[in-house]
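All remarks here apply to the structure that follows.
No experiment lies behind these values; they were computed from the predicted model shown.
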Amino acid sequence: ELEEIILERASSLDLSEPIRGMKQRLEDRSRGAIDIKQGPGGLSAIQFTIQYLQLRNRVPSPPLKSTTRLLGTLRMAGLLGARDHRDLLTGFRFLRELEHRLRLMHGRAVSHLPSGEALDEIAAILKPGTTGEQLMDELEHTRRRIDSVFRKIIEQSPGPGPSTDSVEKPVESSPDERSTCRDSDA
């Protein structure tokens with residue numbers, strides 16, 4: 001199968017620099033805007049982290065591939081520690097919800113956050129009683145956690161191995177984690 005061939009070849013390469021470079025180019029294009037997709041600690045950082053771990057460790061995609069399933073697969077394989085998994089999963093859900101709200105407001109895909117009253121409106125929809133400033137604080141906290149996981153994993157030695165928040169054996173999934181793996185992220 002093609003995926004097996006790609007994983008076989010990629011696992012012997014040091015992909016950290018090319019991935020870091022691709023991510024940096026995306027971030028450079030989004031400078032000056034609050035971009036929840038391509039900016040630092042955005043959705044693309046989660047995708048780059050997942051794909052890097054898959055390629056480095058020869059992890060095939062699960063059936064019905066989705067971000068939450070891929071994170072669950074990497075966690076169960078012992079390649080993402082509990083804290084890194086939680087940070088990426090909760091960050092993904094938060095950013096994806098924000099992205100959906102922007103799409104509903106604009107009637108099209110949008111990844112840049114507005115300012116002023118429009119930001120307050122999004123904040124109130126996401127969490128009633130929340131201000132735009134509070135939303136920005138949560139967003140910055142989330143993006144820092146995601147970017148921290150990305151940097152830690154990419155800066156590890158290029159050989160196969162788990163994330164460094166804890167070296168773990170593969171884990172058995174609990175009912176909660178199994179349901180996490182079934183979450184949709186369409």
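- Side-chain contact between L102 and P114: present, with at least one pair of heavy atoms (C-beta onward) separated by less than 4.5 Å.
- For the pair L113/M136, a side-chain contact is recorded, criterion being any heavy-atom separation below 4.5 Å from C-beta on.
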Assess whether side-chain contact (heavy atoms from CB on, under 4.5 Å) is satisfied between D84 and K152, documenting all intermediate values. CA-CA 10 Å; D84 290 346; K152 178 172 51 173; 2.8 Å; yes

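- A distance of 4.0 Å separates CE of M105 from CD of E121, quoted to the nearest 0.5 Å.
- Here the straight-line distance linking atom CG of L43 with atom CG of L95 works out to 4.5 Å at 0.5 Å rounding.
- Taking CG of D137 as the reference point, atom OG1 of T142 lies at 10.5 Å (rounded to 0.5 Å).
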Can you list the steps and then say if R145 with T90 is a side-chain hydrogen bond (donor to acceptor under 3.5 Å, both in side chains)? CA-CA 10 Å; R145 287 192 332 252; T90 59; 3.3 Å; yes

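- For the residue pair G132 and A123, the shortest heavy atom distance occurs at N-CB, 3.8 Å.
- In terms of hydrophobic clustering, with Ile, Leu, Val, Met, Phe, Trp and Tyr side chains grouped at heavy-atom distances under 4.5 Å, L139 and L126 are assigned to a common cluster.
- Atom CD1 of I122 is separated from atom CG of L98 by 6.0 Å, given to the nearest 0.5 angstrom.
- For the pair Q47/T67, a side-chain contact is recorded, criterion being any heavy-atom separation below 4.5 Å from C-beta on.
- Between F48 and L26, the closest side-chain pair of non-hydrogen atoms falls below 4.5 Å.
- The shortest distance between side-chain heavy atoms of K23 and T49 does not fall below 4.5 Å.
- Using a 4.5 Å heavy-atom cutoff, the side chains of F150 and L88 are not in contact.
- Remark: S111 pairs with D35, I36, K37 by the side-chain contact (heavy atoms from CB on, under 4.5 Å) rule, at least two apart or across chains.
- Each of I34 and I125 belongs to its own hydrophobic cluster when Ile, Leu, Val, Met, Phe, Trp and Tyr are linked at side-chain heavy-atom distances under 4.5 angstrom.
- When the shell of 6.0 Å around CD of Q134 is examined, it contains more than 12 heavy atoms from other residues, nucleotides or ligands.
- Q54 and S61 get closest at one heavy-atom pair: NE2-OG, 3.2 Å.
- Remark: R103 engages A109 in a side-chain contact (heavy atoms from CB on, under 4.5 Å) (not counting sequence neighbours).
- The NE2 atom of H100 lies 5.0 Å from the CZ atom of R96; values are rounded to the nearest 0.5 Å.
- Of all heavy-atom pairs between G42 and I146, the closest is O-CG2, 4.1 Å.
- For the atom pair CG of L80 and CD1 of I153, the computed distance is 5.0 Å after rounding to the nearest 0.5 Å.
- The side chain to side chain donor-acceptor pair (under 3.5 Å) search around R151 returns D147, not counting sequence neighbours.
- The shortest side-chain heavy-atom distance between R83 and D87 falls under the 4.5 Å cut-off.
- With D120 contributing its side chain and T131 its backbone, the two residues share no donor-acceptor pair below 3.5 Å.
- Residues V59 and L74 form a side-chain contact, since some pair of their non-hydrogen atoms from C-beta on lies under 4.5 Å apart.
- For T73 (side chain) and R69 (main-chain N/O), a donor-acceptor pair under 3.5 Å exists by modelled atom type.
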